[in-house]
> 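Here you go, one structure.
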Amino acid sequence: MIKHLGGAVISTGFDVPVEPLRRAAHFTGDSGSIAEARDFAAHFVDQLRTEWCARMDERFCDDVMLVVSELTTNADRHSNGPYILELEGSDTSVTVAVYDSSDALPMRFPKDPRRIGRHGLEIVHALAAEVTAERIPVGKRVRAVLGVDTG
């Protein structure tokens, strides 16, 4: 038997796979867009914790917020238009994907503590289990998958 509670699907006796929570939002790139993206992500993580019963500590939630900040900041700075933030999560992982209009793939620079700036992708790689960047017909998609440590 499966019960539906406010959008969440909760197994009540059978081993039934649950669809991940998915949300997407469009941002204009205007002033305040990155903060709006962080608010959107915070609400998403809160939904995962409350409705999907995902056990995520504060550090993991902070990591998701940092990845959202870095990827949306890159889209904001390096594309010529709006961008889309897409989030997908379950009790085992959260995927952050950002679509923008630039087809220039991001560059990951070698670690250099003396370098000022350009550490964003380095940070994302340090936090995520998987990071991909690919060209799509309207620009590019940068995607980071963070695994939930169920410890």
> With a sphere of 6.0 Å drawn around NE2 of His43, does it hold more than 12 non-hydrogen atoms of other residues, nucleotides or ligands?
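It does not: His43 NE2 has 12 such atoms or fewer within range.
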> Would you say the side chain of Val64 lies within less than 4.5 Å of the side chain of Phe44, judging by non-hydrogen atoms?
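The answer is no; the side chains never approach within 4.5 Å.
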> Heavy-atom distance under 4.5 Å between the side chains of Met107 and Leu121, does that happen here?
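No; the side chains remain at least 4.5 Å from each other.
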> Should Ile123 and Ile34 be counted in the same cluster of Ile, Leu, Val, Met, Phe, Trp and Tyr side chains packed under 4.5 Å apart?
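Yes: a chain of side-chain contacts under 4.5 Å links Ile123 to Ile34.
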> How many angstroms lie between atom CG of Leu127 and atom NE2 of His125, to the nearest 0.5 angstrom?
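Here the rounded value is 11.0 Å.
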> Quick one: do Asp76 and Phe27 satisfy side-chain contact (heavy atoms from CB on, under 4.5 Å)? Show the steps, please.
CA-CA 9 Å; Asp76 195 68; Phe27 299 95; over 6 Å; no
> Begin with the C-alpha distance, continue with both residues' side-chain angles, and end with the deciding distance and a verdict on side-chain contact (heavy atoms from CB on, under 4.5 Å) for Phe60 and Val148.
CA-CA 7 Å; Phe60 180 80; Val148 177; 3.6 Å; yes
> Using the rule that two of Ile, Leu, Val, Met, Phe, Trp, Tyr join whenever any of their side-chain heavy atoms come within less than 4.5 Å, decide whether Leu66 and Met56 are in one cluster.
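Yes, same cluster.
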> For atom CZ of Arg77, decide whether the heavy atoms of other residues, nucleotides or ligands shown that lie under 6.0 angstrom number more than 12.
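Counting neighbours around CZ of Arg77, 12 or fewer heavy atoms of other residues, nucleotides or ligands fall under 6.0 Å, so no.
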> Between Glu86 and Arg143, does at least one N-O distance fall below 4.0 Å, as a salt bridge requires?
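No, this pair does not count.
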> Decide whether Tyr99 and Val68 are clustered together by the hydrophobic rule: side chain heavy atoms of Ile, Leu, Val, Met, Phe, Trp, Tyr closer than 4.5 Å, transitively.
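Tyr99 and Val68: separate clusters.
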> Applying side-chain contact (heavy atoms from CB on, under 4.5 Å) to Asn74 and Val142, what does each step give before you reach the verdict?
CA-CA 10 Å; Asn74 287 347; Val142 180; over 6 Å; no
> Please determine if Arg55 and Asp91 form a salt bridge, counting it only when a charged side-chain N lies under 4.0 Å from a carboxylate O.
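Salt bridge between Arg55 and Asp91, a charged N being under 4.0 Å from a carboxylate O: no.
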> Counting N and O atoms only, with roles assigned by atom type, does the side chain of Arg141 sit under 3.5 Å from a partner on the main chain of Ala97, one being a donor and the other an acceptor?
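It does not hold such a pair.
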> Examine Val145 and Val67 and state if one hydrophobic cluster contains both, with Ile, Leu, Val, Met, Phe, Trp and Tyr joined whenever side-chain heavy atoms are less than 4.5 Å apart.
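No, no single cluster joins them.
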> Decide yes or no for His78 and Pro106: does some side-chain heavy atom of the first lie under 4.5 Å from some side-chain heavy atom of the second?
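With C-beta onward as the side chain, the pair stays apart.
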> For Met65 versus Arg38, what's the shortest heavy-atom pair and its separation?
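Residues Met65 and Arg38, closest heavy atoms: CE-O, 2.8 Å.
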> Are Ile84 and Val131 connected, step by step, through hydrophobic side chains (Ile, Leu, Val, Met, Phe, Trp, Tyr) whose heavy atoms are closer than 4.5 Å?
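Shared cluster, no.
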> Assess whether side-chain contact (heavy atoms from CB on, under 4.5 Å) is satisfied between Leu87 and Thr95, documenting all intermediate values.
CA-CA 6 Å; Leu87 302 169; Thr95 301; over 6 Å; no
